[in-house]
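Report on the following structure.
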Amino acid sequence: MYFSNRKEAFIFYQILFDSYSRRELKGEIKEEKSKWYVYLNENSISSMTDIGQAILDILYKRKLNAWMEGVLRHRFYYDDAKEIERMIRLSTKLKADPPEGVTLPAIDQEIERFVKRKVFEHAYSDFDELSASCLEYIYSDLLDFTGKLLDEYKLEEAHQMMVDSWRRRVKNKSSGVPLLHVKYDSEIKYYFPEGNTVGRAELLNYLGSHPDPMIQNLPEDLGILPALIYSPEELMIYSDQQGEAKLELLMNIFEEKAVWKPLSFFPFLKA
């Protein structure tokens, strides 16, 4: 296998060296005419498997993000480097945890299928040619994936704009409520400082005397609205369930005004 990129040649050799760590690796790297040649004096099924895995590792780590950046720049016309970087970071999250109802092309599996076939057929010894052929092979799926990535990115951007808007509101609003307790076990509940529950009637009464242009009606599931409506000076959150979406959102919006405590610290035993 030979490379035009010195770093990729050494990464390839190092991956093979790690794969053969339990026995002597009979191979070497040579430079000839601006190319870096990696020789491996092995001829077995296991060595072909290791070579295929080494190629896959380089494609995943060194090429896939660059291919995606190329699609973003030349097919979707994004040119802000920081924005592209955020989208590529989101792509990793998207592949690990796809949104419900969204079917993503299996790009990694398609790359693996391509490489395994080519390695065992001995069709390529030039990594650059193999890489270009792989990109051509997955290009349609890469376009599809990048389009769905953009949809999720736009949703995330809209969500962040909403969070920023609520954050400014909470920071600047003068509230008559110094403290609000938030308890989450199986559901989210709100309590005034005296321990009485915040209910729909209390919220409607408050909105009647303090009209809020950002809140037109109360949905069946109040979610984070009670905290936003009252915008207290301090928000005490009690829960043992780290990562619960609504509570994380409240922490994000209220920032230094929010404090998270274990459920056992909830002060109203009869609530």
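Quantities reported herein were computed from a predicted structural model and do not represent experimental measurements.
Within a 6.0 Å radius of NZ in Lys116, no more than 12 heavy atoms belonging to other residues, nucleotides or ligands are found. Counting non-hydrogen atoms of other residues, nucleotides and ligands closer than 6.0 Å to NZ of Lys171 gives a total of 12 or fewer.
Taking the salt bridge (Lys or Arg N to Asp or Glu O under 4.0 Å) definition, one finds that Glu8 meets it with Arg62, Lys63, sequence neighbours left out. Among residues two or more places apart in sequence or in another chain, the side chain to side chain donor-acceptor pair (under 3.5 Å) test is passed with Arg6 by none. For Tyr60, there are no ring pair (Phe, Tyr, Trp, His ring centres under 6.0 Å) partners two or more places apart in sequence or in a different chain. Qualifying side chain to side chain donor-acceptor pair (under 3.5 Å) partners for Arg73, counting only residues two or more places apart in sequence or in other chains: Glu69. Listed by chain and residue number, Tyr37 satisfy the ring pair (Phe, Tyr, Trp, His ring centres under 6.0 Å) test with Tyr2 (two or more places apart in sequence, or in another chain). Residues forming a side chain to side chain donor-acceptor pair (under 3.5 Å) with Lys257 (at least two apart in sequence, or on another chain): none. Judged as a side chain to side chain donor-acceptor pair (under 3.5 Å), and not counting sequence neighbours, the contacts of Ser4 are Asp128. In this structure, the ring pair (Phe, Tyr, Trp, His ring centres under 6.0 Å) partners of Phe3, at least two apart in sequence or on a different chain, are Phe12, Phe127.
Tyr137 carries Arg117 over the face of its six-membered ring, with the cationic atom under 6.0 Å from the centre and within 45° of the normal.
Nearest heavy atom pair, residue Val115 against residue Gly52, reads CG1-O, 3.7 Å. The two residues Ile224 and Tyr190 have their closest heavy-atom pair at CA-OH, 3.3 Å. In terms of heavy atoms, Ile29 sits closest to Ala9 at CD1-O, 4.2 Å. Of all the heavy atoms in Pro232 and Phe254, the pair that sits closest is CD-CE2, 3.7 Å. The two residues Leu228 and Arg169 have their closest heavy-atom pair at O-NH2, 2.9 Å. Annotation for Ala227 and Leu235: closest pair CB-CD1, 4.2 Å, computed over non-hydrogen atoms.
A 4.5 Å side-chain heavy-atom check between Val198 and Lys189 finds every atom pair outside the cut-off. You'll find the side chain of Leu64 stays beyond 4.5 Å of the side chain of Leu59, heavy atoms only. Counting heavy atoms from C-beta outward, Leu143 and Asp141 have side chains that stay 4.5 Å or more apart. The side-chain heavy atoms of Trp67 and Val71, taken from C-beta on, include no pair separated by under 4.5 Å. Residues Lys183 and Ile188 are not in side-chain contact: their nearest non-hydrogen atoms beyond the backbone lie 4.5 Å or more apart. Side-chain contact between Leu56 and Gln53 is present, with heavy atoms from C-beta onward closer than 4.5 Å.
Using a cut-off of 4.0 Å between Lys/Arg side-chain N and Asp/Glu carboxylate O, Arg113 and Glu110 are scored as salt-bridged. A salt bridge between Glu152 and Lys148 is absent, with no side-chain N of the basic residue lying under 4.0 Å from a carboxylate O of the acidic one. Ion pairing between Lys246 and Asp221 holds under the 4.0 Å rule for side-chain N and carboxylate O.
Under a 3.5 Å cut-off, the side chain of Ser239 and the backbone N or O of Gln241 do form a donor-acceptor pair. Counting only distance, with no hydrogens or angles, the side chain of Ser231 and the backbone of Val170 share no donor-acceptor pair below 3.5 Å. Side-chain N or O atoms of Arg75 include none that pairs as donor or acceptor with a backbone N or O of Thr146 at under 3.5 Å. Counting only distance, with no hydrogens or angles, the side chain of Glu244 and the backbone of Leu247 share a donor-acceptor pair below 3.5 Å.
Between atom CG of residue Leu203 and atom CG of residue Leu225 there is a gap of 8.0 Å, rounded to the nearest 0.5 Å. Arg86 contributes atom CZ, which lies 10.5 Å from atom CG of Leu90 (distance to the nearest 0.5 angstrom). Taking CD from Glu129 and NZ from Lys118, the interatomic distance works out to 11.5 Å, rounded to the nearest 0.5 Å. Between the CG atom in Leu204 and the CG atom in Leu218 there is a gap of 5.0 Å [rounded to 0.5 Å]. Interatomic distance, CD1 of Ile58 versus CG of Leu130, reported as 10.0 Å (0.5 Å rounding). The distance from the CD atom of Glu233 to the CG atom of Leu180 is 12.0 Å, given to the nearest 0.5 Å.
Here salt bridge (charged side-chain N to carboxylate O under 4.0 Å, His left out) pairs that include residues 194-211, with residues two or more places apart or in two chains, number zero. Annotation: ring pair (Phe, Tyr, Trp, His ring centres under 6.0 Å) contacts involving residues 68-95, sequence neighbours excluded, are absent. Applying the ring pair (Phe, Tyr, Trp, His ring centres under 6.0 Å) rule to pairs touching residues 199-245 yields His181-Tyr238, Phe192-Tyr230, Tyr206-His210, Tyr206-Tyr230, Tyr238-Phe266, sequence neighbours excluded.
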Trace of the salt bridge (charged side-chain N to carboxylate O under 4.0 Å, His left out) decision for Lys35 with Glu31: CA-CA 6 Å; Lys35 290 280 188 179; Glu31 182 184 8; over 6 Å; no

Taking distance alone, no hydrogens or angles, what donor-acceptor pairs closer than 3.5 Å link side-chain atoms of residues 159-167 to residues at least two apart or in another chain?
| unit_1 | atom_1 | unit_2 | atom_2 | d |
| --- | --- | --- | --- | --- |
| Gln160 | NE2 | Asp164 | OD1 | 3.0 |
| Asp164 | OD1 | Arg167 | NH1 | 3.1 |
| Arg167 | NE | Asn252 | O | 3.1 |
| Arg167 | NE | Glu255 | OE2 | 3.3 |
| Arg167 | NH2 | Asn252 | O | 3.0 |
| Arg167 | NH2 | Asn252 | OD1 | 2.5 |

